[in-house]
> 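Input: one structure, supplied below.
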Amino acid sequence: MSKPAGKARRPAPQPAITRSEPLPPVNRPQWLTWSIVLLAAVAVFSRYWFGIGDSDFWWHLKTGQYIWLNHKLPVPDPFAYTTYLHPDAYSGESLVRFFNLTHEWLAQIAFYAVYSAGGATGITILRALALTLICGITGLIAWRRTAGFYRSVAVALLVMLSCTWIAGERPYLFTYVFLVTTLAILEYRRWLWALPPLFLVWANMHGAFFLGWIIVGAYCLNTLIARARGAATPNHRTLLICSAAAVLISGLNPNGFHIIQILLDYRNSPLQTSITEWQRPKYWELSTFTVILYGSLAALLWARGRARISDWLLYLLFAIAALSAVRNIILIGIIGPLILASYLPLPDPQRLLPTLRTLPATLAFAAVLALAARIVTMPHAPFNASDWRFSPGAADFLLQHHVTARIFNSYESGGYLIWRLWPQNQVFIDGRALSEATFADYRRIAFNADSSTGASSEQLLAQYKVSAIVMPMIDYSGKVYLLPAALSDPSQHEWKLVYTDPEAVIYMKDPPPGVTPLPPNAALSAMEAQCNLMLDRAGDDCARGVADLYSKIGDTRRAAQWMAVYQSRGGATGAQYGGLR
């Protein structure tokens with residue numbers, strides 16, 4: 001018996017990606033296709049093949065070792081003696097401190113395992129491989145959306161340029177690998193069952209796992225809206241169930257579901273907001289970021305009638321995040337190229353260059369692609385050439401002479417000193433940013449604050465019972481630390497200079513047995529040596545900082561010499577130095 005006729009359900013296609021019109025078969029053998037893919041992968045890998053340069057890596061490494069050996073999280077903090085000396089400076093500081101100590105524990109163990117097996121080379125391979133996976137999986141998603149081979153390769157290479165913002169040895173690498181993996185699972189609508197275990201691991205590797213909530217939420221909403229419009233929604237029940245399970249299971253981490261509150265508390269932290277990676281990007285300047293940001297918005301507006309709700313949501317949320325902090329630029333660097341490839345009305349390269357349909361021309365295109373990619377992706381620095389950023393010689397000196405005194409160190413070198421010196425020494429401060437009050441005192445000490453505005457550096461060093469000062473003469477931005485420069489004054493006799501090299505100086509009140517104090521002006525020579533290193537590898541600003549210092553202490557000859565160096569490398573005119581030329 002036939003069923004009674006009812007109101008027919010009008011099929012409505014899911015807002016989807018417009019694929020290019022079919023073209024005649026391309027005369028491109030499979031081996032050539034894979035060769036282009038391999039060349040692109042090599043280009044990405046080689047761009048991020050360089051020595052360890054992130055100062056935070058070392059405290060991550062030490063934390064991983066601590067957890068592995070002690071079978072517990074590093075709470076209370078074992079590595080810095082200042083962590084608990086002050087009351088909370090703002091509401092929520094204790095919560096943020098616990099979060100910073102615990103939320104990356106599984107990634108830190110992974111770093112320690114890789115370093116134990118392969119040393120610095122193993123970490124370099126891990127970093128380059130993670131970034132290559134991020135670019136490759138994003139390219140694969142573009143292929144799923146557009147079926148355009150060259151578009152997919154272009155997306156991967158465009159994401160490669162954005163990955164510069166996360167090219168450090170930090171746990172957030174895992175976040176972005178998991179982020180693009182989640183996108184791929186949702187695009188393909190396969191392996192949805194993998195989302196819950198993926199989110200469980202993610203939530204214990206890095207605190208940004210909540211980005212996964214945003215992604216599955218956007219795709220679930222897109223599916224529900226499409227279903228309400230009568231579109232086909234394959235595996236929609238599995239998608240909804242697995243997404244809900246993934247969000248729920250991600251709460252199994254040391255901080256539970258407090259991540260949103262912690263993010264709000266971060267914005268209340270003067271210390272966090274003063275760090276470079278939390279500054280707002282320059283959205284008005286021409287850059288890879290702004291081209292992707294505004295280009296992908298234009299593509300969405302162009303395709304507004306057929307663009308996915310999920311793409312709109314992800315673009316808007318990721319753009320807000322990217323515009324709020326430099327460290328979030330990678331979010332728009334991932335979703336933006338996908339939107340450009342999906343909606344921007346660009347003709348296929350074969351339409352622009354019909355000769356690409358022939359094998360010789362395709363080979364020429366592959367050669368040009370490989371050459372361009374290699375030029376763009378030249379390594380930043382020779383492998384393992386970043387030791388100058390740390391203080392290996394100073395750490396060797398303290399270990400060799402069994403110095404157990406309380407030390408004062410620079411913010412940037414704290415992580416490395418934790419790795420090298422603990423448990424013999426605890427540090428004053430490091431990149432974990434655990435105490436607002438300690439950081440404020442650190443700034444006053446390191447830059448030799450005027451006592452008329454509060455406690456002087458000498459008074460603060462006495463309050464913290466510091467007996468050794470271990471720090472570079474110049475910070476990463478090129479600004480000279482005034483504390484070690486002031487101690488180079490021959491008229492002061494409390495602190496003795498016992499060690500110098502181009503990376504650090506050490507002052508002590510009581511030198512170790514057998515160590516003869518160095519001439520005080522040797523610290524200034526170390527400052528110049530450090531600046532010469534920085535001129536070769538990091539930028540020109542240190543020359544201006546050195547000129548500033550010599551100008552302040554009345555050494556006009558050397559001030560003029562260093563200002564000339566700064567100007568010769570494209571610096572300012574130096575008019576503020578009066579007669580200095």
> Are any side-chain N or O atoms of H103 and backbone N or O atoms of G207, one a donor and one an acceptor, separated by less than 3.5 Å?
yes
> Determine whether a donor-acceptor pair (N or O, by modelled atom type, separation under 3.5 Å) exists between the side chain of T233 and the backbone of T223.
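No; judged by distance alone, with no hydrogens or angles, the pair does not exist.
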> Do the side chain of N328 and the main chain of A321 share a donor and acceptor less than 3.5 angstrom apart?
yes
> Please tell me if the side chains of P337 and I292 come closer than 4.5 Å, counting only heavy atoms from C-beta onward.
yes
> Does the distance from a Lys or Arg side-chain N to an Asp or Glu carboxylate O, for D56 and R432, drop under 4.0 Å?
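Salt bridge: no.
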> What pairs of residues pass the salt bridge (Lys or Arg N to Asp or Glu O under 4.0 Å) test when at least one of them lies in residues 320-338, not counting sequence neighbours?
E277-R327
> Strictly by modelled atom types, are W202 and S250 linked by a side-chain donor-acceptor pair under 3.5 Å?
no
> Would you mind listing every salt bridge (Lys or Arg N to Asp or Glu O under 4.0 Å) that reaches into residues 244-265, with sequence neighbours excluded?
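The answer is none; no pair qualifies.
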> I'd like to know if the side chain of S296 reaches the main chain of L293, judged simply by a donor and an acceptor atom lying under 3.5 Å from each other, with no hydrogens or angles considered.
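Answer holds: yes.
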> Check for a donor-acceptor pair, side chain of Y48 on one end and backbone N or O of T164 on the other, with a separation under 3.5 Å.
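Indeed, once roles are kept as given, a pair shorter than 3.5 Å links the two residues.
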> Within the 3.5 Å criterion, strictly below it, is a donor on S477 or D541 matched to an acceptor on the partner's side chain?
no
> Under 3.5 Å, side chain of N255 to main-chain N/O of H258, donor-acceptor pair present?
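No, the answer is negative, given that no donor and acceptor are paired below the 3.5 Å cut-off.
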> Y115 and W419: aromatic ring centres closer than 6.0 Å?
yes
> Taking the ring centre of each residue, are Y283 and Y294 less than 6.0 Å apart?
no
> Would you please indicate yes or no on a ring centroid separation below 6.0 angstrom for F174 and F111?
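Between F111 and F174, the centre distance is under 6.0 Å.
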> State whether the side chain of R144 and the backbone N or O of I141 hold a donor-acceptor pair below 3.5 Å, judged by distance alone.
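Not confirmed, R144 side chain does not pair with I141 backbone.
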> Would you please test R127 and D54 for salt bridge (Lys or Arg N to Asp or Glu O under 4.0 Å) and show each step?
CA-CA 12 Å; R127 180 227 293 128; D54 195 317; over 6 Å; no
> Looking at every heavy atom in both S243 and L195, which two are closest together, and how far apart are they?
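That closest heavy-atom pairing would be OG-CD1, 4.3 Å.
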> Decide if the gap between the ring center of F257 and the ring center of F210 is smaller than 6.0 angstrom.
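F257 vs F210: aromatic centres not under 6.0 Å.
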